[in-house]
Amino acid sequence: MREKKKMDLGSLRELLLIGVVIILCIIWTIMNPQFISMNNVTNILRQGSYTAIAAVGMTMVIIIGEIDLSAGSLICASGLVGAMVCKSTNNVVLAVSAALLVGVVVGGSNGVLCAVGKLPGFIATLASMTVLRGLAYIITGGNSVVWTNEAFTKIGTGYVGIVPIPVIIMLVVIIFGVFLTSKLRFGRYIYAVGGNMEASRWSGIAVVKVKIIVYMIMGVLTSIAGLIVVTRLGSGQPSAGQNFEMDCITAAVVGGTSMSGGRGKIIGTVVGVLLLTVLTNGMTLVGINTYWQQVFKGIIIVVSVLADTHTKKN
Amino acid sequence: MGKVLLEMKHISKSFGAVRALKDVSIDLHEGEVLALMGENGAGKSTLMNILSGSLLPQEGEIYVEGQKVSVTDPVTAKKHGIAKIHQELQVVPELNVAENIFLGRWFKKKLPVVDFESMITETQKYLDMLELDVKPTQKVKDLRIGEQQLVEIAKALSLDARILVMDEPTSAISEKEAEKLFTIIRRLRSEGRGIIYITHRMEEIFKIADRLTVMRDGAYIGTVNASETDTDEIIRMMVGRDVSEQYPKDPTEKGDVAFEVKDLTYTPAPGSFRRSLKNISLKVHHGEVLGIAGLAGAGRTEFFECVAGVHAREVTGEIYIEGKPVSIRKPGDAIRAGISFATEDRKGSGLVLQRSIGENISLPLLRQFSKYFVMDLKNEGRAWEEQIEALKVKAPGSRTLASALSGGNQQKVILARWLLTKPKLLLLDEPTRGIDVGAKAEIYQLINNLAKAGMAIIVVSSELPEVIGISDRIVTFCEGELTGEFLQAEATQEKLLHSATK
Ligand SMILES: Nc1ncnc2c1ncn2[C@@H]1O[C@H](COP(=O)(O)OP(=O)(O)OP(=O)(O)O)[C@@H](O)[C@H]1O
Ligand SMILES: [Mg+2]
């Protein structure tokens, strides 16, 4: 009985956020009925999909007490590699595998630098962010990469019935994330390591391995997002994904993940992505310019975190 | 008796459904030491957190020298002359000793330049007062817990407060260091200050307390003069029944050798505060309790850490479990070999505070409680309930966060965790640190029963009567070396002390 009450309190935050999303939706609809059209709703979901996918990984990274700044560069790099492989081989499976491999390698090396090399995740991923972006320009010579394979393009633009393929991928990733963090043994490791690394190590948890795997998961999820972005754009751009890591971090923080590690929920992050996407989409629709959009996003971050610390005190 | 310095009237506080304080009133006079007594979870720390402004009460008033005050935060508390030594150390690990002691009040030369020199000189004064052998410029994270606690004490002394609250200040320091603290407390008392002192060590009460206020289950029970009471009466007030202070030591049948270590040598990385160990060799039999006595810094905790595989790279020597050599490269190896180590450092190497009690209990056993990669929540939940029941952890349920527990109950969760691993060798570092008298007796009984069931146990404790009371055999450590060995029957406090200070 008491435990049930506790659970409710835990999801209070998510419910509150969903409330805010609904209110926002109502406001936007009143200001511009276009907002609630099928077309726009699909659009919102598609816009949110790739952020959500990478943000699921980002949440895990933040829970273990680290951060990944290289997500934006990796989204670009993995997309480029996919595009280039597709262009030269015309083989979708090969293209997708290559992109995912990039994610594994980059994530893995981030993890190794951080867990074995004992670099703060902030520094390790700051480095790979810069390196990857540089490589993207070197390899492409600053030009965009185009391909002809229709099937590859479908990843970002196709539908199953009326549901866009990216949305389906997103749902799968979310379910994976929720299951991993709440039901799998590995989820326990993540929370324990993030909450108290020393205590976890002394309890026999392979802290180094856990960190590396989490960064790898992050890498793979980011490359999946990268494939969606590149196929939606229709060409590989060395400038793609700028500031994307910040969107992921914002979503996680708004969704209640603690930057000091050990605390956070995938569902919270997903609602965070939804909130931010609805906010941006609506503002664009009613004609608020992008500069003001940034100001509002910033305010949302502050308000949500303040609300959180305040409720905790009482 | 001096005039009334402080009154807390009708204080009530709830955390959700937990009623931590129910209409509690206490008063404190000038020039007196008031001991605040009660079982783990009685509400002592909560009451003091309200006094120091870290928590807000739902009901009640605070009067300082007859004036009603509202203490909304720690800064206001300081203004009213209230200072507090926290039960859980509140030091900033990355700052040095001087910076910690004067945190928030760093000396300014000319704004905004900090005057580090005079801060360091001033700090040295307090360190000398406590005869604490650390440098003001040392980072606090490089100190052992006992030293950190002394820094915390120095910090509170430097505040020059009229009302000084000490929440279990001696839980991690040795008797010798505690004596120095008492000398300081007596001096503060003679200066007319009021001191509220919380402890679970009964003998301390009669050394320094003038009056005692007892709490039970968040309620006020009564106040008595220290000169007109005795241990039994206090315990009766605290627990509501009689508790024998005896050590329940049954003769156990000593079995085969369960654990043997040969020539364990540990050379800590340069710059580490840890003490090195030289050629430690010892054996423990099944069913035997081995006590380790020694002064703070003798290397007892380090010995446990080495056996538990925490510093494997810097350790040489051989370890045998039931006669078979085992190679311990990391903590996981030790756990698998049947060695479990219950740390005294709750916050550091002990608990994941923001996770539930249950998750903390099963932390080393996640593999056992999962099928393939999925947690077997039913099985796990059952084990949680059993352990909480067995150790009488006082909490609403197994899903309560570890951070919401009182200090003593947190210690019990650590014990619960390591008992669940059903080890062959159990290493207990200060197992009764911060644990109330009633629960202490239960833990002694538990150790006794485990030994009877054939477990080999090594206990480190700074309280000599405790070591002697619960061990079959006692070894002494001095500066990283094993210096003596005694059977229970022949051990006395004097002999142990002598052997531990060679
Ligand atoms: N932040 C919190 N949230 C929920 N419950 C809490 C919180 N802090 C304390 N409690 C509860 O309040 C009660 C009193 O706790 P408190 O820490 O005051 O005990 P204590 O007398 O200091 O015990 P100990 O001797 O073990 O330190 C306990 O039941 C504890 O679980
Ligand atoms: Mg307490």
Side-chain angles (χ1 to χ4, degrees), chain A residues 1-12 62-65 118 120 176 178-210 213 217 256-265 308 310-314, chain B residues 15-18 54-56 58 305 308-310 330-336 340-343 345-356 359-377 380-381 395-404 414 417-418 421:
Chain A
M1 170 51 210
R2 196 175 279 141
E3 303 211 339
K4 198 157 171 204
K5 203 167 165 195
K6 191 109 212 179
M7 296 258 292
D8 288 348
L9 265 175
S11 18
L12 190 71
I62 299 178
I63 292 174
I64 56 162
K118 304 267 185 273
F176 159 79
V178 170
F179 187 66
L180 185 145
T181 49
S182 61
K183 294 278 183 292
L184 288 193
R185 188 169 72 219
F186 192 72
R188 288 290 183 79
Y189 290 162
I190 296 178
Y191 284 106
V193 170
N196 187 339
M197 199 161 88
E198 248 346 59
S200 307
R201 191 167 79 87
W202 292 33
S203 292
I205 294 174
V207 172
V208 168
K209 232 192 269 170
V210 172
I213 294 175
I217 294 175
T257 304
S258 151
M259 290 299 283
S260 47
R263 233 191 316 245
K265 274 201 215 152
D308 200 31
H310 193 75
T311 44
K312 250 183 225 128
K313 222 181 209 165
N314 294 327
Chain B
F15 298 98
V18 179
S54 320
L55 285 175
L56 292 178
Q58 269 108 14
E305 289 171 356
V310 178
K330 51 184 189 299
D333 295 341
I335 297 169
R336 271 186 292 281
S340 288
F341 168 32
T343 175
D345 186 4
R346 302 167 196 151
K347 249 179 152 181
S349 50
L351 296 173
V352 185
L353 287 174
Q354 62 268 65
R355 301 307 293 176
S356 71
E359 286 188 24
N360 270 288
I361 290 177
S362 50
L363 199 58
L365 290 176
L366 294 179
R367 215 170 269 276
Q368 185 185 310
F369 288 119
S370 52
K371 287 203 185 91
Y372 302 102
F373 294 101
V374 186
M375 292 306 300
D376 177 359
L377 297 177
E380 193 190 20
S398 57
R399 283 176 201 282
T400 308
L401 297 190
S403 58
I414 295 180
R417 170 199 292 167
W418 293 109
T421 60

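Scope of the values below: all heavy atoms of this structure, side chains included, with no hydrogens, waters or symmetry mates. The sequence lines fix the lettering, A, B, ..., with proteins before strands; numbering per chain opens at 1.
Side-chain contact between B/Q354 and A/S258: absent, with no pair of heavy atoms (C-beta onward) separated by less than 4.5 Å. Side-chain contact between B/V310 and A/R201 is present, with at least one heavy-atom pair separated by less than 4.5 Å. A heavy-atom distance below 4.5 Å is found between the side chains of B/V374 and A/F179. Side-chain contact between A/Y189 and B/L366: present, with at least one pair of heavy atoms (C-beta onward) separated by less than 4.5 Å. When side chains are defined from C-beta on, A/W202 counts as touching B/E305, because their heavy atoms get closer than 4.5 Å.
Neither the backbone nor the side chain of B/Q58 comes within contact range of chain A, judged by heavy atoms closer than 4.5 Å. For a residue to count as touching a neighbouring chain, one of its non-hydrogen atoms must lie under 4.5 Å from one of that chain's; by this rule A/L184 touches chain B with backbone and side chain alike. Within the 4.5 angstrom heavy-atom criterion, only side-chain atoms of B/F341, from C-beta onward, approach chain A. Heavy atoms of B/L377 lying under 4.5 Å from chain A belong exclusively to its side chain. Heavy atoms of B/S362 lying under 4.5 Å from chain A belong exclusively to its side chain.
Note on A/A192, A/S203, A/G187, A/G194: by heavy-atom pairs under 4.5 Å with chain B, the leading option is A/S203.
Between A/A199 and B/G350 the shortest heavy-atom distance is CB-O, 3.2 Å. The two atoms that bring A/E198 and B/S349 nearest to each other are CB-CA, 4.3 Å, heavy atoms only.
At least one donor-acceptor pair under 3.5 Å links the side chain of A/N196 to the backbone N or O of B/G348. Checking side-chain atoms of A/R185 against main-chain N and O of B/K371 turns up no donor-acceptor pair under 3.5 Å.
Between atom CZ of residue B/R367 and atom CD1 of residue A/I205 there is a gap of 10.0 Å, rounded to the nearest 0.5 Å. The OG atom of B/S370 sits 9.5 Å away from atom CZ of A/R188, with the distance rounded to the nearest 0.5 Å.
The neighbour count for B/K347 NZ, taken as heavy atoms of other residues, nucleotides or ligands under 6.0 Å away, is above 12. In this structure, A/M197 places its CE atom where only 12 or fewer heavy-atom neighbours from other residues, nucleotides or ligands lie under 6.0 Å away.
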